Amino acid sequence: MREASVPAFRFELTHQCAASGARAGVLHTPHGAVETPVYMPVGTQAVVKAMTSREMKEIGAQIVLANTYHLHLRPGADLIRKAGGLHGFMAWDRPILTDSGGFQVFSLAGLRKITEEGVRFRNHLDGSQMDMGPEESVRIQEMLGADIIMAFDVCSAWPCDETTARDAMERTHRWAMRCKAAHQRNGQALFGIVQGGFSETLRAQSARALREMDFPGYGIGGLSVGEPKGVMYRMLDALMPEMPAAKPRYLMGVGTPDCLLEGILRGVDMFDCVLATRIARNGTVLTGEGRLVVRNARYKEDLRPLEEGCDCEACQHYSRAYIRHLIKAGEITGARLCSIHNLRYLERLMQGARQAILKDRFPAFREAFYDRFDMRGAFNRGEEME
RNA sequence: GUGGGUGUAGUUCAGUGGUUAGAGCGCCAGAUUGUGGCUCUGGAAGUCGUGGGUUCAACUCCCAUCACCCACC
């Protein structure tokens with residue numbers, strides 16, 4: 001018997017920009033609505049590093065990620081289920097998305113063996129052996145209780161020959177079917193994941209295959225793994241026409257501010273990325289003018305905020321000189337303030353994008369971003385290889 | 001005053017006759033895209049206390065001297 005009290009997952013496409021492929025919508029979940037396009041902060045271990053759930057709310061985060069592999073290893077899904085699922089465990093009453101552990105299969109290469117059945121890991125904490133497959137991943141994700149869960153997929157590397165990419169893609173499709181068959185939890189949405197390496201043909205083929213399986217939403221995986229940005233954009237261009245308009249599209253692991261806008265331009269609704277919080281902990285922040293390495297000596301006596309006009313706690317109360325001092329001194333609060341700023345920066349960027357879409361002015365918004373944002377340096381990765 | 005010890009990179013120290021003297025930390029910079037990351041990579045930096053001497057060759061051995069430390073008068 002169905003639990004009528006659990007609202008079903010639903011995506012509402014609110015508006016499509018008349019001047020581009022950019023979309024604005026709303027994800028309706030058991031824990032409330034998420035306005036898209038959305039950047040989802042990553043909280044691998046049931047915490048966005050250095051942040052409390054209350055602070056995440058103050059920043060305006062609508063939804064956060066957690067990771068099946070990491071939480072299964074420690075502290076274990078049983079404990080989290082007993083604690084009221086991830087929502088209860090981490091005191092976060094807004095939506096949560098869990099990644100399946102598929103990406104860990106990829107990033108822990110060398111410590112694992114993949115077969116059709118699943119993956120055998122040597123876990124990175126104590127080296128002991130563990131198995132994970134589509135059914136196991138879904139079972140754990142049901143216990144964790146996120147609003148959106150991801151299929152257990154096979155991610156191929158960059159560069160990658162077409163045969164390897166095709167094998168990974170086809171296995172991803174078979175595993176997607178198995179995830180769907182295994183998934184039972186009411187109200188929780190299971191997203192399939194598009195793979196296909198760096199072949200436009202395979203990407204389109206993967207999107208079609210997933211569409212036929214009829215998932216409530218679709219991840220786009222296997223991108224932003226080191227390829228030039230132009231390659232990633234070509235893959236998006238190739239697969240997007242095959243994606244059902246009525247379902248949300250989630251570009252996994254992206255990214256930098258410019259990549260977010262390029263994704264939105266091409267019709268992506270959801271993103272996640274560790275970049276903002278990771279670079280924050282190493283003393284780098286994002287601003288409308290580009291990246292600012294506040295750790296650098298040039299900011300030693302700079303009493304201005306990280307970014308003029310930013311409404312975040314760091315910018316409202318503290319100077320670059322102070323935050324640099326904290327970072328240099330290894331003080332935790334330095335990492336916290338940079339994280340708060342970067343998360344708030346991306347939140348504001350996405351809000352701006354959404355407003356522009358609703359006014360059919362997304363291309364102009366994107367142009368205005370590039371006019372100010374300094375793309376020199378790291379954010380140019382791979383472009384010279386084009 | 002006597003005896004002993006120590007003086008080498010910003011700092012703490014390795015280096016005891018043989019190429020352009022090393023390390024940790026610090027400093028400077030770079031990296032970071034579904035987090036194995038308070039991480040990783042690279043760089044700058046020393047007339048080896050000073051002055052003599054021995055030697056083909058001295059951070060290294062000898063003498064003097066200065067500074068600091070310890071012990072004893």
Side-chain angles (χ1 to χ4, degrees), chain A residues 39-50 64-71 73-74 97-112 121-127 137 141 146 148-156 158 172 191 193-195 218-229 231-232 249-260 262-263 268 270-286 291 293 295-300 324 326-336 338-339 342 346 376-382:
Chain A
Y39 160 74
M40 306 181 285
V42 180
T44 303
Q45 318 226 47
V47 63
V48 176
K49 288 187 192 298
V64 299
L65 256 67
N67 187 278
T68 302
Y69 169 80
H70 291 276
L71 294 174
L73 279 189
R74 182 174 58 190
L97 181 152
T98 46
D99 191 17
S100 62
F103 187 74
Q104 278 61 47
V105 175
F106 166 76
S107 65
L108 297 170
L111 294 182
R112 46 81 163 158
F121 289 99
R122 266 192 15 238
N123 85 56
H124 68 280
L125 295 178
D126 63 11
S137 175
Q141 293 189 81
I148 301 171
I149 70 173
M150 301 304 296
F152 193 66
D153 64 334
V154 185
C155 184
S156 42
W158 163 268
T172 293
F191 281 25
I193 301 179
V194 173
Q195 287 289 344
Y218 298 90
I220 301 162
L223 296 178
S224 67
V225 289
E227 77 283 10
K229 290 176 179 177
V231 172
M232 177 169 80
R249 306 143 177 183
Y250 161 29
L251 179 53
M252 307 180 77
V254 171
T256 61
D258 56 305
C259 287
L260 296 179
E262 293 304 317
V268 174
M270 305 160 67
F271 305 86
D272 80 280
C273 192
V274 303
L275 185 76
T277 44
R278 179 180 290 173
I279 66 176
R281 292 193 300 281
N282 298 317
T284 298
V285 294
L286 302 166
R291 71 157 48 186
V293 186
R295 161 172 50 81
N296 285 1
R298 60 193 296 193
Y299 302 114
K300 186 171 185 177
R324 174 179 191 271
L326 295 184
I327 292 285
K328 296 294 287 182
E331 286 291 343
I332 300 163
T333 300
R336 280 172 40 69
C338 289
S339 296
N342 281 353
L346 289 179
R376 286 173 301 177
F379 286 157
N380 243 339
R381 173 211 278 200

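Fair warning: this is a prediction, and the values are worked out from it, not measured in the lab. Here is the naming used below: chain letters follow the sequence lines, and residue numbers restart at 1 for every chain.
- Each side-chain hydrogen bond (donor to acceptor under 3.5 Å, both in side chains) pair with one or both residues in residues 273-286 of chain A, not counting sequence neighbours, would appear here, but there are none.
- Within 4.0 Å (heavy atoms only), Leu125(A) reaches no atom of the nucleic acid at all.
- Regarding contacts with the backbone of rC28(B), a side-chain N or O of Lys328(A) is found under 4.0 angstrom from either OP1 or OP2.
- Proximity of a side-chain donor or acceptor of Ser100(A) to a complementary backbone N or O of Ala151(A) within less than 3.5 Å is detected.
- Of the candidates rG30(B), rG34(B), rU35(B), rG30(B) carries the atom nearest the Val293(A) side chain, counting heavy atoms from C-beta on.
- A search for side chain to side chain donor-acceptor pair (under 3.5 Å) contacts involving Arg324(A) returns nothing, not counting sequence neighbours.
- The side chain of Asp153(A) lies closest to rG34(B), out of rU33(B), rU32(B), rG34(B).
- Ala335(A) comes within contact range of no nucleotide atom at all, as no heavy-atom separation falls under 4.0 Å.
- At rG34(B), none of the side-chain N or O atoms of Gln104(A) fall inside 4.0 Å of OP1 or OP2 (strictly under the cut-off).
- Judged as a side chain to side chain donor-acceptor pair (under 3.5 Å), and not counting sequence neighbours, the contacts of Asp272(A) are Tyr250(A).
- Under the side-chain contact (heavy atoms from CB on, under 4.5 Å) criterion, Thr172(A) pairs with Asp153(A), Val154(A), Gln195(A), not counting sequence neighbours.
- The side chain of Arg278(A) lies closest to rG37(B) when the candidates are rA29(B), rG34(B), rG37(B).
- Among the heavy atoms of the strands lying under 4.0 Å from Gly222(A) is at least one base atom, whether or not backbone atoms are also near.
- Asp272(A) comes within contact range of the sugar-phosphate backbone alone, with a heavy-atom separation under 4.0 Å but no base atom that close.
- Counting only heavy atoms from C-beta on, Arg324(A) has its side chain closest to rC28(B) among rU35(B), rG34(B), rC28(B).
- Across all strands shown, Gln195(A) has heavy atoms under 4.0 Å from base atoms, whether or not it also approaches the sugar-phosphate.
- A donor-acceptor contact shorter than 3.5 Å is absent between the side chain of Arg249(A) and the backbone of Tyr218(A).
- For Val254(A), the listed nucleotide lying nearest its side chain is rU33(B); candidates were rU33(B), rG34(B), rA29(B).
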For nucleotides 39-42 of chain B, give me every protein contact, N/O to N/O, under 3.5 Å, one pair per line with atom names.
| from | atom 1 | to | atom 2 | distance (Å) |
| --- | --- | --- | --- | --- |
| rU39(B) | O4 | Asn282(A) | OD1 | 2.7 |

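- Under the side chain to side chain donor-acceptor pair (under 3.5 Å) criterion, Ser137(A) pairs with Gln141(A), sequence neighbours left out.
- Checking rU33(B), rG30(B), rU35(B) against the side-chain heavy atoms of Cys273(A) singles out rU33(B) as nearest.
- Donor-acceptor pairing under 3.5 Å, judged by distance alone, is absent between the side chain of Ser107(A) and the base of rU35(B).
- Considering only side-chain atoms of Cys155(A), the nucleotide from rC28(B), rU35(B), rG34(B) that sits closest is rG34(B).
- Proximity note for Arg291(A) (side chain, C-beta onward) versus rC28(B), rG36(B), rA31(B): the nearest is rA31(B).
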